[in-house]
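Each remark here refers to the structure printed beneath this line.
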Amino acid sequence: MDITRVAIGIVWRGGRVLVGRRSQDVPLGGAAEFPGGKCKPNEPPAATVVRECREETGLRVRVAGKRHRCKHQYDHGRLELHFFDCVIADPDGDAEPRPPFDWVDLQTVADLDFPEANAMVLSMIVGSPLDA
Ligand SMILES: Nc1nc2c([nH]c(=O)n2[C@H]2C[C@H](O)[C@@H](COP(=O)(O)OP(=O)(O)OP(=O)(O)O)O2)c(=O)[nH]1
């Protein structure tokens, strides 16, 4: 069965992370989400996450490290999810994300309605935040 590779960024700044909301007309519509998306053929997930963060939030990020990898079966397909800790590439530059993305306190993040596949990574980041 086909598996779709997805790369997702946990973008940190001063104890907060970037969170958006999925459109209503896509799978998992209306859920909270970290920036990310599907990997293009032959595209390494670390490159996907930088590209998707730029496309979705307007911000340039760099990968600080791998955080978690898991597989998850949704009704809309089977995914292999690669989660990366990321930081703003230019720490002195503008870090105002494009809506619906916004900076959210880590304490608040765990209460949001993220997709099922995020459950493990959410407890990981709350228990062990990146100092950025
Ligand atoms: N962006 C994002 N996607 C997530 C998260 N958690 C989670 O299970 N997903 C799932 C939802 C989707 O099935 C998949 C991401 O695919 P997508 O459809 O958003 O990707 P994309 O931006 O490349 O979309 P497309 O325009 O090519 O359709 O990963 C998350 O935190 N962020």
Side-chain angles (χ1 to χ4, degrees):
M1 194 194 205
D2 280 355
I3 191 154
T4 301
R5 291 182 311 141
V6 170
I8 295 170
I10 300 147
V11 184
W12 296 86
R13 190 171 167 94
R16 296 191 293 170
V17 295
L18 273 183
V19 178
R21 189 156 294 282
R22 295 179 66 75
S23 315
Q24 290 295 342
D25 56 344
V26 299
L28 308 172
E33 68 169 1
F34 297 121
K38 300 182 195 83
C39 303
K40 294 181 175 172
N42 302 318
E43 183 181 44
T48 306
V49 80
V50 171
R51 176 179 59 74
E52 288 279 355
C53 284
R54 177 81 173 146
E55 289 174 4
E56 294 185 349
T57 72
L59 299 177
R60 289 187 193 279
V61 307
R62 67 177 171 79
V63 171
K66 290 182 187 175
R67 173 64 79 159
H68 181 55
R69 195 179 84 177
C70 63
K71 293 181 180 166
H72 194 84
Q73 180 74 54
Y74 286 117
D75 289 346
H76 63 278
R78 184 162 177 75
L79 304 186
E80 180 180 78
L81 300 107
H82 298 250
F83 292 91
F84 295 91
D85 286 313
C86 300
V87 294
I88 297 296
D90 173 7
D92 300 324
D94 173 34
E96 197 58 48
R98 190 185 297 141
F101 282 89
D102 203 356
W103 296 104
V104 175
D105 288 336
L106 200 52
Q107 291 85 344
T108 311
V109 164
D111 297 330
L112 300 178
D113 54 341
F114 280 93
E116 272 173 31
N118 289 42
M120 176 63 79
V121 81
L122 285 168
S123 56
M124 290 171 78
I125 66 173
V126 169
S128 176
L130 190 78
D131 186 14

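Counting starts at 1 for both ligands and their atoms, following the listed order.
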Applying side chain to side chain contact (heavy atoms under 4.5 Å, CB included), run through V109 and V19 and close with a yes or a no. CA-CA 8 Å; V109 164; V19 178; 4.3 Å; yes
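- Of all atoms in ligand 1, numbered sequentially from 1 with element shown, those under 4.0 Å from a heavy atom of E56 are 22 (O).
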Stepwise, does the side chain to side chain contact (heavy atoms under 4.5 Å, CB included) test hold for S128 with R67? CA-CA 10 Å; S128 176; R67 173 64 79 159; 3.9 Å; yes
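- Looking from atom 5 (C) of ligand 1 to the surrounding protein, the closest heavy atom is I8 CD1, 3.4 Å.
- Among the candidates V11, V61, V17, L59, the single residue satisfying the side-chain contact (heavy atoms from CB on, under 4.5 Å) test with P35 is V11.
- For the pair G36 and E56, the tightest heavy-atom approach, listed with the atom from each and the gap, is O-OE2, 2.8 Å.
- Across every non-hydrogen atom of G93 and R13, the tightest pair is O-NH2, 4.1 Å.
- Distance check on atom 26 (O) of ligand 1: every protein heavy atom falls at or beyond the 4.0 Å cut-off.
- When each of W12, F114, F84, F101 is paired with F34, the ring pair (Phe, Tyr, Trp, His ring centres under 6.0 Å) condition holds for F114 and for no other.
- Only side-chain heavy atoms of L79 come within less than 4.0 Å of ligand 1; its backbone N, CA, C and O stay farther off.
- Using a 4.0 Å cut-off to heavy atoms of G36, the atoms of ligand 1 that qualify are 1 (N), 22 (O).
- The P115 neighbourhood of ligand 1 comprises atoms 6 (N), 7 (C), 8 (O), with distances under 4.0 Å to a heavy atom of that residue.
- Shown in contact with A117 at under 4.0 Å from a heavy atom are these atoms of ligand 1, numbered in order with element: 8 (O).
- Of all the heavy atoms in W103 and P97, the pair that sits closest is NE1-CD, 3.6 Å.
- Assignment of R22 to the shell around ligand 1 is supported, since a heavy atom sits closer than 4.0 Å.
- The proximity of E52 to ligand 1, defined as any non-hydrogen pair under 4.0 Å, is limited to the side chain.
- For the atom pair CG (L18) and CD1 (I88), the distance works out to 6.0 Å, reported to the nearest 0.5 Å.
- Considering backbone and side-chain N/O atoms, F34 comes within less than 3.5 Å of an N/O atom of ligand 1.
- Other residues, nucleotides and ligands contribute only 12 or fewer heavy atoms inside 6.0 Å of the CG atom of D131.
- Close contacts between ligand 1 and Y74 involve ligand atoms 7 (C), 8 (O) [criterion: under 4.0 Å to a heavy atom].
- Only side-chain heavy atoms of L81 come within less than 4.0 Å of ligand 1; its backbone N, CA, C and O stay farther off.
- When the heavy-atom distances from atom 16 (O) of ligand 1 to E33, H76, K38, R51 are ranked, the shortest goes to K38.
- The atoms of ligand 1 that sit less than 4.0 Å from any heavy atom of L28 are 11 (C).
- Close contacts of ligand 1 with N118, meaning ligand atoms under 4.0 Å from a residue heavy atom, involve 5 (C), 6 (N), 7 (C), 8 (O), 30 (C), 31 (O).
- Electrostatic pairing of R21 and D113 counts as a salt bridge here, judged by a charged N lying under 4.0 Å from a carboxylate O.
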